Amino acid sequence: MAKKLYLVKEGEISLKGGNRSHFEKKLRNNLKHKIRPYGSVIEKQKGRIFAYIDEECPDERIEKALSTTFGITGFARAYCVEKDIDIILSKAREILPSSTFGKKGTFKVKVVREDKKFFLNSHEVAIRLAEVVHEIFPDLTVNLDEPDYVLTCEIRSEVYLYTSSMRGAGGLPAGTAGHGMLLLSGGIDSPVAAFMMAKRGMKLDCIYYHAYPYTSELALEKVKTLASLVAPYLQGTKLYVVPFTEGQEHIRDNGYEEEATLMFRAAMMQTSTKIAKNDEATALVTGEALSQVASQTLDAMNFTDSMTDLVVLRPLVGLDKEEIVNTAKKIGTYETSILPYEDCCVVFSPKHPITKPHKEVARKHFEALNMDAIIDEAVKNTVVYEFDAMGNEITK
Ligand code: ATP
Ligand code: MG
């Protein structure tokens, strides 16, 4: 079957010294996994991956796969030709009319000459290709600093031509930096936290605390949608849904009202730690940002951290809401996050939550709640959903 070629640029991986091949292998596997149904072949040459994908695979699907795979800084639909200047020029003539080039504006030809033996130097190749551009688009002028359009020619063992390169997500390949559990609520913040930790290479699964009927089936559907939206960045993910109605009611009926959120957060930490350990994860990730709400003060974080022996990562801790919202929009989770179904924190929130808990006092109050049996029962009744690397739910 005919294939189309995508040229993929690796990012930070190329700086990885001795570990480089491990990172590269992971990136290639992650990519293969995402485009697999379309029989992709992935070859590697100095800082570049060549992905050959079946002609019938829709461009949007390929673009989604490539733009959500961490470790890639850019990619482009490319055309491969022999190392012969006449063939290069005639290929340029063929692809330019239907490329991203417009009739008006400026352009530049960029030549990467990896093969130093090629009989023309970069400048000479650029001039010959610029003549072709002028032939087809007589009104375009050259601008080397800020061109509207770029035609790139990479001369390697073969020659690659492309006109439109797209930005990749950057970062490091998912699965190269340990395994964590993300506490995923229905809000704006936690999906962004997932994106940020996955960007540094972490494999993540998600945990959601559901307090049905206080929180509706729709709230659960919303969280499942969020998990499916972040799954491509995470290279697939599991979503553990923990039934926590009894836990919430127990805290409401037996604790101090102003500490309700704090106690719930402590219970989430303990429960999540158990789920993490069952799945060999060694970190918990939350969407907290310092001082965003009452439970996100240093004292509160100090207390909730003391409820787990795992490392607690809060990648949004120093961000403003606006910055978080911008990222949520960029990764496509914002519209779902602002749907109005309440999460269980809101339903059980006290009117005057405590902002400066004393760690030891709060610990004693939590112990007095005696939640071990409730937590064990919640872990036992947890339901797991799974999403593949393209965000589709895997039904068993
Ligand atoms: P978000 O926008 O992520 O919901 P938030 O600003 O609403 O965050 P909180 O509700 O205090 O803040 O929650 C802080 C963090 O605690 C969330 O980012 C998430 O990691 C975790 N969390 C809160 N509620 C739940 C829940 N029901 N299930 C799982 N994790 C939760
Ligand atoms: Mg929330």
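Ligands are counted one by one from 1 in listed order, and the atoms in each one are counted from 1 as well. What you are looking at is a predicted structure, and each value in this text was computed from that prediction instead of being measured.
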May I ask you to check whether [X] has an N/O atom sitting below 3.5 Å from an N/O atom of ligand 1?
| X | result |
| --- | --- |
| Leu183 | yes |
| Ile188 | yes |
| Ser185 | yes |

message = Ser306 and side chain to side chain donor-acceptor pair (under 3.5 Å): which single residue from Lys359, Glu360, Arg363 fits?
response =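 Single pass found, and it is Arg363.
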For ligand 1, the portion of [X] having any non-hydrogen atom under 4.0 Å away:
| X | value |
| --- | --- |
| Thr261 | neither |
| Leu182 | neither |
| Met268 | side chain |

ask   = Are Phe137 and Phe107 an aromatic pair by the rule of ring centers under 6.0 Å?
value = no
request  = Kindly state whether the ring of Phe366 and the ring of Phe264 have centres lying under 6.0 angstrom apart.
outcome  =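 That pair fails the under 6.0 Å test.
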key: Ligand-residue contact atoms, ligand 1 with Gly287, heavy atoms, under 4.0 Å   =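 It comes down to these atoms of ligand 1: 17 (C), 18 (O), 20 (O).
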key: Close-contact set for ligand 1 against Ile207 heavy atoms, below 4.0 Å   =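 Selected atoms, number and element: 29 (C).
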inquiry  = Using the rule that Ile, Leu, Val, Met, Phe, Trp and Tyr join whenever any side-chain heavy atoms are under 4.5 Å apart, tell me whether Leu262 and Val361 fall into a single cluster.
reply    =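 As far as the 4.5 Å side-chain criterion goes, Val361 and Leu262 are not connected within one cluster.
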query = Quick one: does Arg265 get a heavy atom under 4.0 Å from ligand 1?
reply = yes
message = Looking at Glu158 and Cys80, would you say the former's side chain and the latter's main chain have a donor-acceptor pair under 3.5 Å?
response =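 Pair absent, no side-chain N/O of Glu158 close to backbone of Cys80.
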Check: Glu322 main-chain N/O paired with Asp320 side-chain donor or acceptor under 3.5 Å = no
